[in-house]
J.: 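Sharing a structure with you now.
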Amino acid sequence: MLRLPKRKTKVRNPWLPPVSQAYNLASSYELIPTDHCPPPHPPHTSLARLPADKTYLPFSTLASTVKECASKKSLLEGRLAHFLAVWRGFDCDRYMGNLLIDMYGKCGSLQDARSTFDKMVSRNLFSWNILLSAYTGCRCGEGALELFSLMLEQGTQADTCTFSNAIVASSILMSLLEGRHVHFAILNEGLELDAHLASALVSMYGKCGSLEDAREIFDSLPLKDGVSWNAMITAYSMHGCHFEALHLFQEMQFHGVKYAKVTFLSSLGACSNLMALLYGMLIHAIIVEQGFQFDLSISTALISMYSNCRSLEDAQCVFRNMSHHDLFSWSAMISVNAQHGEDEAALSLFSQMHQEGMKPDRVTLVSVLTACANQAALVQGQLIHANTLEFGIEFDCAIENSLVNMYGKCGSLSDTKHIFDNMNTRNVVSWTAMIEVQAYVGQAAESFKLFHEMQEENVGPNDVTFVNILSSCSHAGLIEEGCFLYKAMVTEYNIESTMEHYSSMIDLFGRAGRLAEADVFISEMSIEPNAVIWETLLSACRVHNDFDRGKQAAERAILLASKISSPYVLLSNIYSAEGKWDDAARIWKSMFERGTTGSQKPEGGFELWYD
DNA sequence: TTAGGGTTAG
């Protein structure tokens, strides 16, 4: 690490008395715990292995060592350099003190940074600013704002760097009030916004939910750099304004601003949310053009984007083309496969990951347990359950929820109950998973009991809880209870009906043969019914021999999803039941003519880009 | 000589 001048005299042992004295001195500065004896040999660092004359290092060499330790985030060597600075008496120097505070901050040791600052004989604006950025760097917003107030109290004049840090501290705390106070102070000082300060303000207002303020500052900037653009794009994506985020992405190119990794990650997130496959592919092309395609986090974001845009094949292609995989990309691909119903592939990826020596974390386990649940792969699920602690993962609510789901779907009710009953904390997902299991095995009474118990324990039901409880009513033929709960969901719990709720209600009426009521329910839906709704009605019509209504439902279902085979089959069954064999044959023929299901994507692929 | 903004992926 250090480049030292060669010494002519040989020093036998560098750790003789003078160093011990320095060590004690360092201990008195709380650099080294006082109960720690001086080491018989120097600590194992590259700095310590250097010749003895390191104890007589010139100031400039020590200063650059401290800087290097800061950039390498090497706390141990940084401490040693501090120790040597104390020994040489350089620690009283303000410049050295500032460097040391910065080093400790960058190495994440806020306590050391603070104690070095507190022991400084003389401080300047740099010292305050460096300590402030140490606080914000360690995401300690409260400490940073306290220091900011202390600084103003002591009459130190703040500059743009100080304010910039105070703004960052407010956004760490997500405190719009604090942020506005600091902004007001900046205006009061009459300071001009530089790029740093402006981006910090844009980001703070964005994080605190005041997009108008963020945009106003962004628009007022005469010269915007990449960071300002990224701050604004991130603000939009954070608040679901995905169109605006993508619009800025385009504008950025128009203004000739260079894209950065962050830009790609947030814009890919926007494409994911909008399910904008074509736009996502366009961004993928730019990523490849600018050489970002080998970045692990960008590749993982691409996998996620393609998966959300329902293009599993493209997600797999990105994964295949990665030079190596980290925990994030493995977990993403396992989760993507599980989400697309490719549970066997998810399990095989998990074992491949294991073979390659990659240890899973809790997120991986949650995904792989979902795959086990969907596959009803009890043995594999049990194996993963048994190895959880061995993977170094402690049981928490999320893992236990996945286990409840897995054992439930695998039909092992006693294991499900055992896990559920022994959980330390149960959230809405835990209760909902348990209600689903009971609904699945047809125990409506049990699911109602759980529904009441969860509320007694102050856990409110969510939209998914209602999907399961309604499905439980439907399976048990409890029409009135189902209608009552649906009404309560909308009026008392203020939960908006989703397509799943509507589908459950149609199923509820349909199973009971109350087809006219189901029809009325569909006509009163607040959203346009999709193919699943019509198909649910169609199956009920087939069971209860209401052929005319069934034909109408089938027509609607086919109109909305012409490539799904089930409505054709059901309609042809209706015609067969009526003895209309020609019509039945006509439907079969049109089903084959129209082809099968599959996602549509533009011609050509990007496999070639990676060659 | 020393400091500051965007942290996004499962």
Side-chain angles (χ1 to χ4, degrees), chain A residues 59-60 63-64 66-67 70 93-103 105-106 113 123-137 139 144 158-169 171-172 193-204 206-207 214 217-218 221 224-235 237-238 245 257 259-270 272 295-305 307 315 318-319 325-339 349 353 360-368:
Chain A
F59 183 91
S60 58
S64 56
V66 175
K67 274 193 249 174
D93 182 87
R94 194 168 59 194
Y95 171 59
M96 178 61 82
N98 289 344
L99 288 182
L100 287 166
I101 298 170
D102 184 47
M103 181 274 292
K106 298 248 165 73
R123 300 172 190 135
N124 59 3
L125 182 59
F126 275 107
S127 326
W128 288 94
N129 285 347
I130 294 167
L131 186 62
L132 262 177
S133 68
Y135 273 102
T136 53
R139 316 296 298 163
D159 67 353
T160 50
C161 179
T162 323
F163 283 117
S164 174
N165 274 308
I167 289 290
V168 173
S171 50
I172 291 169
L193 297 188
D194 65 1
H196 281 111
L197 196 47
S199 304
L201 278 167
V202 169
S203 170
M204 182 275 292
K207 274 190 190 146
I217 291 163
F218 177 77
L221 286 174
K224 303 173 181 75
D225 67 0
V227 180
S228 340
W229 285 89
N230 292 331
M232 197 61 232
I233 292 179
T234 307
S237 349
M238 266 180 85
V257 186
Y259 291 133
K261 191 169 141 180
V262 187
T263 333
F264 290 122
L265 293 173
S266 25
S267 47
L268 283 174
S272 266
D295 182 279
L296 285 181
S297 53
I298 287 196
S299 299
T300 311
L302 280 168
I303 290 172
S304 174
M305 182 276 291
S307 163
V318 173
F319 185 77
H325 303 115
D326 63 353
L327 184 57
F328 275 73
S329 45
W330 276 111
S331 300
M333 206 58 223
I334 290 169
S335 151
V336 161
N337 275 291
Q339 278 166 20
L349 276 171
M353 170 186 169
D361 71 355
R362 53 190 65 254
V363 183
T364 329
L365 279 205
V366 169
S367 301
V368 81

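Labels below follow one simple rule: chain letters A, B, ... track the order of the sequence lines, proteins then strands, and each chain is numbered from 1. Note that the structure is a prediction, hence the values are computed from the model and not measured.
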J.: Just by distance, with hydrogens left out, do N129(A) and N165(A) show a side-chain donor and acceptor under 3.5 Å apart?
T.: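 There is no such pair between these side chains.
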J.: Answer yes or no: side-chain N or O of Y95(A) and base N or O of dT2(B) forming a donor-acceptor pair under 3.5 Å.
T.: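 Such a pair does not exist between side chain and base.
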J.: Base, sugar-phosphate alone, or nothing: which one does S133(A) contact when heavy atoms must sit under 4.0 Å apart?
T.: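 The residue S133(A) makes sugar-phosphate contact but no base contact.
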J.: What about N165(A), does its side chain sit under 3.5 Å from the base of dG5(B) through a donor-acceptor pair?
T.: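 Counting by modelled atom types and ignoring angles, no donor-acceptor contact under 3.5 Å is found here.
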J.: With sugar-phosphate meaning primed atoms plus P, OP1 and OP2, does V262(A) contact a base, only sugar-phosphate, or nothing at under 4.0 Å between heavy atoms?
T.: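 V262(A): base contact, heavy atoms under 4.0 Å.
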J.: Determine whether a donor-acceptor pair (one donor, one acceptor, N or O, separation below 3.5 Å) exists between the side chain of D159(A) and the base of dG4(B).
T.: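 No.
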J.: Just checking A63(A): base, sugar-phosphate only, or nothing, at a heavy-atom cut-off of under 4.0 Å?
T.: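 Contact class for A63(A): none.
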J.: Using a cut-off of 4.0 Å on non-hydrogen atoms, how would the nucleic acid contact of K207(A) be classed: base, sugar-phosphate, or nothing?
T.: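 The residue K207(A) makes sugar-phosphate contact but no base contact.
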J.: With a 3.5 Å cut-off and heavy atoms only, can you find an N or O donor on one side and an acceptor on the other between the side chain of T160(A) and the base of dG4(B)?
T.: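 Pair found.
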J.: Using a 4.0 Å heavy-atom cut-off, does I334(A) contact any base of the nucleic acid, only the sugar-phosphate backbone, or nothing at all?
T.: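 No contact.
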J.: Please confirm whether the backbone N or O of A195(A) pairs with a side-chain atom of S199(A), one donor and one acceptor, at under 3.5 Å?
T.: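 The answer is yes, because a donor-acceptor pair under 3.5 Å joins these two groups.
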J.: Does D361(A) make a side-chain donor-acceptor contact with the base of dG10(B), cut-off 3.5 Å?
T.: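 Pair found.
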J.: Taking the side chain from D102(A) and the backbone from N98(A), do they hold a donor-acceptor pair closer than 3.5 Å?
T.: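 Side chain of D102(A) to backbone of N98(A): no pair is present.
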J.: Across the strands shown, which category fits S228(A) at heavy-atom distances under 4.0 angstrom: base, sugar-phosphate, nothing?
T.: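 It contacts base atoms.
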